[in-house]
Amino acid sequence: MAAKATKTAARTAARPTGDVADLRLAARGRGRIAWAAGQMPVLAELSRRFARQKTFRGLRISACLHVTSETANLVRALVAGGADVLLCASNPLSTQDDVAAALHEEGVAVHAVRGEDRDRYWRHVDAALAHDPQITIDDGADLVSRLHETGAAGAKKVLGSLEETTTGVIRLRSMHRDGALKIPVFAVNDAQCKHLFDNRYGTGQSTIDGIIRATNVLLAGRTMVVAGYGWCGKGVSMRARGLGAQIVVTEVDPVKAIEAALDGHRVMPMEQAAAIGDVFVTVTGNRDVVRREHFAAMKDGAIVCNSGHFDVEVDLKALAGLAARVEKDARPATDTYVMQDGRRIHLLAEGRLVNLAAAEGHPAAVMDMSFSVQALTAAHVAAEGDRLEVKVHTVPEAIDREVAALKLKTMGLAIDRLSKTQERYLASWREGT
Ligand code: ADE
């Protein structure tokens, strides 16, 4: 059942415009949102503050994010602050339809249907632009890219845009380098309270969760090949090792490769790793990381998945080209490609983000920090108004410190304070041996 209404009804009627799968799922969605809220105390505190101060009064915000129970709590915090929020999906396979229905029923314009095809995906992004936002929030930069591709008219009204993920920040920096960027953007991903926890512990846990939900495979004693040793790769490797897997890391960056080696992992090119891996996970942010020659060398029964933002890391065309047939029935989110020589390669979640497509994404307790950084950065944009320079901004350090302090408090943890003497010592270059 598609919940659709006309555009003109968007900001006036209680039921906003939108496109969600089935409004009958709303009750289950409300339950999930409440469950996640229980793990997101920092965001709850900010939400109460926004409600008191009406931080976003009169502002239209368009968010292109994974539509999950955690995102719903971010949206609620923005709405509590007076924002008129439209939410669309940042990935066709990550939407939780029950959450989309619940949010939609409480008056948020949601345009997201799990499994939507490319046309519908972009129609939803276009709806987010038609909302005429003053603040945009992206996970992967599709909204901002589309805004720039479709002319500068909408860009004039955007006070600032926030970007959640590494891949999105890379795209924005290249737009800026090309002189194409027309709006101020914030690299939320680069805040410490985002990437140190979300990319590492969030991706680490949720990727393993996705692999296990999709396959129920035993990781102990298996060889897992992790392509990319950024924060996500470090997290995936650490957690898989904790389950008893032997980790092989492939890298193009010599420094990261040394880090992987000193962390105790084997390091080798994919060409070699292809023949020994039982499970392959790509987290590079780049394309064509697992290719034809690698599929040709893989063992029978190899599992291949991606936890990077876009579905380009595994060469799906090459895999399809090598296969005699594809079997889809064994398990959800697992397609078995049967090669001409009889070997089977299991591809998870169609090569899309395995942690969101085959599981539920990062746990709420980690998204509490990521989305608190998002919420405070949005409040910063609202306070700055049209004074922000057009460039890729870093998140103000005060926001990182505030989120960390609030998170520590909710975890019941205290830390030491510098004495005056220690402060003077740190500030002085005269004191040495
Ligand atoms: N990205 C990764 N995990 C997520 C989640 N649970 N919600 C929203 N975005 C995410």
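Remember, it's 1-based here, ligands and their atoms both numbered in the order they're listed.
- Using a cut-off of 4.0 Å between Lys/Arg side-chain N and Asp/Glu carboxylate O, Arg60 and Asp84 are scored as not salt-bridged.
- Taking 4.0 Å as the cut-off between side-chain N and carboxylate O, Lys157 and Asp132 count as a salt-bridged pair.
- Taking distance alone, with nitrogen or oxygen atoms compared against 3.5 Å, Thr68 approaches ligand 1 more closely than that limit.
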If you look only at distance, which donor and acceptor atoms sit under 3.5 Å apart when one is on a side chain in residues 221-242 and the other is two or more places apart or in another chain?
{"from": "Arg222", "atom 1": "NH1", "to": "Leu218", "atom 2": "O", "distance (Å)": "3.3"}
{"from": "Tyr229", "atom 1": "OH", "to": "Asp263", "atom 2": "OD2", "distance (Å)": "2.6"}
{"from": "Tyr229", "atom 1": "OH", "to": "His265", "atom 2": "NE2", "distance (Å)": "3.3"}
{"from": "Lys234", "atom 1": "NZ", "to": "Tyr229", "atom 2": "O", "distance (Å)": "3.1"}
{"from": "Lys234", "atom 1": "NZ", "to": "Glu259", "atom 2": "OE1", "distance (Å)": "3.0"}
{"from": "Lys234", "atom 1": "NZ", "to": "Glu259", "atom 2": "OE2", "distance (Å)": "3.2"}
{"from": "Ser237", "atom 1": "OG", "to": "Gly233", "atom 2": "O", "distance (Å)": "2.7"}
{"from": "Arg241", "atom 1": "NH1", "to": "Asp263", "atom 2": "O", "distance (Å)": "3.0"}
{"from": "Arg241", "atom 1": "NH2", "to": "Asp263", "atom 2": "O", "distance (Å)": "2.9"}

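- Heavy atoms of Leu65 stay at 4.0 angstrom or farther from ligand 1.
- Polar contact with ligand 1: absent for Asp139 (N/O pair, distance under 3.5 Å).
- Between Arg213 and Glu360 a salt bridge is recorded (basic side-chain N to carboxylate O distance below 4.0 Å).
- For atom 3 (N) of ligand 1, the nearest protein heavy atom (residue, atom name, distance) is His362 N, 2.8 Å.
- Less than 4.0 angstrom separates some heavy atom of Thr71 from each of these atoms of ligand 1: 7 (N), 8 (C).
- Of the protein's non-hydrogen atoms, the one nearest atom 1 (N) of ligand 1 is His66 CD2, 3.6 Å.
- Between Glu360 and ligand 1 there is a heavy-atom distance shorter than 4.0 Å.
- Residues Glu106 and Arg76 are paired through a salt bridge, judged by an N-O separation under 4.0 Å between the basic side chain and the carboxylate.
- In summary, the aromatic rings of Phe186 and His380 are positioned with their centroids under 6.0 Å apart.
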